[in-house]
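What follows is a short report on a single structure.
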Amino acid sequence: LGAADACVDAGAYAAEGRGGPKDGALAVKYSQRACEGGEIKGCANMGVFARDGFGMAGDNGVAKSHFSKACDGGVAIACSNLGTLWMDEAATAKTKTAALVLAFIAFEKACKGNDPMGCSNLATAYYKGDGIAKSYPSAMQFAQKACELDYANGCYTQAVMYYTGEGVTQDIFQFRIWATRACDKGHAQACTNIGMLYLQGKGGFARDMRKARQLLKQGCDGGYQRACSELADLASAGTDLMRISHISLCLSSALWIFTSAAQAQEIGAESATSVAETTTAAERTKDEKRRHFEDAMRLDQLGGKREA
């Protein structure tokens with residue numbers, strides 16, 4: 001290994017605590033040396049450290065500089081991280097449009113480099129029109145690529161678009177396929193939604209309490225609080241029939257399943273627009289589904305993952 005390569009490894013070992021306790025200061029020292037020596041993975045790691053305040057003062061400006069250098073050097077995940085920082089800035093900046101465009105450019109580079117998170121975020125950008133003209137077909141295209149790259153949220157985005165009929169012909173069978181695939185890849189909300197459909201016997205799912213409980217448990221184990229609440233309600237209801245009756249009284253439709261729990265890393269949904277008086281009943285239903293989907297969309301972030 002060259003000196004810069006060795007510094008990347010040394011920085012990663014210090015950050016992850018391999019061979020000893022985690023040492024942020026040492027991780028920064030070696031990663032900085034690697035970056036200055038021309039090893040772009042070191043720059044990508046420095047971006048993570050600056051963003052997270054690990055071993056150095058947290059500074060998104062410094063993080064963006066490092067991520068930008070690594071992204072230009074071909075580290076796709078650095079492009080995704082750069083995009084998320086621009087999205088964070090867009091949430092509060094006066095120059096929101098400019099920040100959204102920069103985020104879109106970063107996600108596009110990430111996806112071209114086959115980073116699944118970048119493809120998923122690119123799908124979100126096309127769906128919501130963030131930094132680019134809104135395009136449901138493009139949103140589906142990049143969600144599909146993210147799913148093919150084994151990214152659960154891409155599969156789930158496809159599922160929801162098939163349910164809402166945005167960009168594709170509404171197809172409950174396709175919704176079932178892609179939601180199941182997302183669940184199999186560990187998407188807790190997808191597992192929960194399928195579980196609730198089994199519980200209610202809706203969406204082409206025959207009522208099956210055993211499968212419902214199993215899937216709700218998967219959702220709960222995956223950290224989705226609504227699944228935990230549903231399991232608790234099932235346990236306290238006394239009988240399945242009592243629980244189903246309670247659901248029928250409380251829920252007018254199954255659309256609620258696409259409303260996302262608030263998350264610290266969520267970009268936030270677009271404001272729902274009013275429906276004109278002349279809008280047909282079918283259009284009002286479609287608009288409602290779209291708003292629920294926007295609530296469910298979120299911007300995925302790295303969450304501390306570091307390039308080795």
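All residue numbers in this chain count up from 1 along the given sequence.
Checking each of Tyr156, Phe173, Phe175 against Tyr163 for a ring pair (Phe, Tyr, Trp, His ring centres under 6.0 Å) leaves exactly one that passes, namely Phe175.
A donor-acceptor pair under 3.5 Å links the side-chain atoms of Thr164 to the main chain of Met161, judged by distance alone. Judged by distance alone, the side chain of Ser229 and the main-chain N or O of Gln225 form a donor-acceptor pair under 3.5 Å. When atom types are taken as modelled, the side chain of Ser31 and the backbone of Ala27 share a donor-acceptor pair closer than 3.5 angstrom. With Ser236 contributing its side chain and Asp233 its backbone, the two residues share a donor-acceptor pair below 3.5 Å. Listed for the Asp52 side chain is no donor-acceptor partner under 3.5 Å among the backbone atoms of Phe54.
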- [ ] Carefully, step by step, assess Ile77 and Val75 under the rule side chain to side chain contact (heavy atoms under 4.5 Å, CB included).
- [x] CA-CA 6 Å; Ile77 198 169; Val75 181; 3.9 Å; yes

- [ ] Mind running side chain to side chain contact (heavy atoms under 4.5 Å, CB included) on Leu215 and Tyr198 for me, showing each step along the way?
- [x] CA-CA 9 Å; Leu215 287 159; Tyr198 271 120; 3.5 Å; yes

TODO: Start with the C-alpha gap between Arg18 and Glu16, add the side-chain angles, then the distance that decides, and say whether salt bridge (charged side-chain N to carboxylate O under 4.0 Å, His left out) holds.
DONE: CA-CA 6 Å; Arg18 284 187 271 174; Glu16 296 168 7; 2.9 Å; yes

- [ ] Please lay out, stage by stage, how Tyr126 and Tyr136 fare under the test ring-ring contact (aromatic ring centres under 6.0 Å, His included).
- [x] CA-CA 7 Å; Tyr126 271 114; Tyr136 296 133; over 10 Å; no

Open item on the list: Between Lys109 and Asp72, is the salt bridge (charged side-chain N to carboxylate O under 4.0 Å, His left out) condition met? List the steps.
Closed with: CA-CA 9 Å; Lys109 287 182 179 179; Asp72 290 342; 3.3 Å; yes

Open item on the list: Test side chain to side chain contact (heavy atoms under 4.5 Å, CB included) on Asp130 and Met87; report intermediate values, then the result.
Closed with: CA-CA 9 Å; Asp130 285 341; Met87 289 300 296; 3.9 Å; yes

TODO: Could you go through the side chain to side chain contact (heavy atoms under 4.5 Å, CB included) check for Met46 and Phe67 one step at a time?
DONE: CA-CA 8 Å; Met46 283 298 299; Phe67 284 143; over 6 Å; no

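For Arg33, the side chain to side chain contact (heavy atoms under 4.5 Å, CB included) criterion is met by Cys7, Lys29, Tyr30, not counting sequence neighbours.
There is a path of hydrophobic side-chain contacts, each under 4.5 Å, that joins Ile132 to Phe142.
The side-chain tip of Arg176 points at the ring of Phe205 from less than 6.0 angstrom away and within 45° of straight on.
Residues Lys185 and Asn153 are not in side-chain contact: their nearest non-hydrogen atoms beyond the backbone lie 4.5 Å or more apart. Inter-residue side-chain proximity for Cys79 and Phe107 is flagged as unmet; no heavy-atom pair is nearer than 4.5 Å. A 4.5 Å side-chain heavy-atom check between His66 and Asn45 finds every atom pair outside the cut-off. A 4.5 Å side-chain heavy-atom check between Leu149 and Cys119 finds at least one atom pair inside the cut-off. Under the 4.5 Å side-chain criterion, counting only non-hydrogen atoms from C-beta, Cys147 is in contact with Gln158. The shortest distance between side-chain heavy atoms of Asn193 and Leu197 does not fall below 4.5 Å. The closest side-chain heavy-atom distance from Gln200 to Arg207 is not below 4.5 Å.
Environment of NZ in Lys217: sparse, with no more than 12 heavy atoms of neighbouring residues, nucleotides or ligands closer than 6.0 Å.
No hydrogens or angles considered: a donor-acceptor pair under 3.5 Å links the side chains of Lys145 and Asn114.
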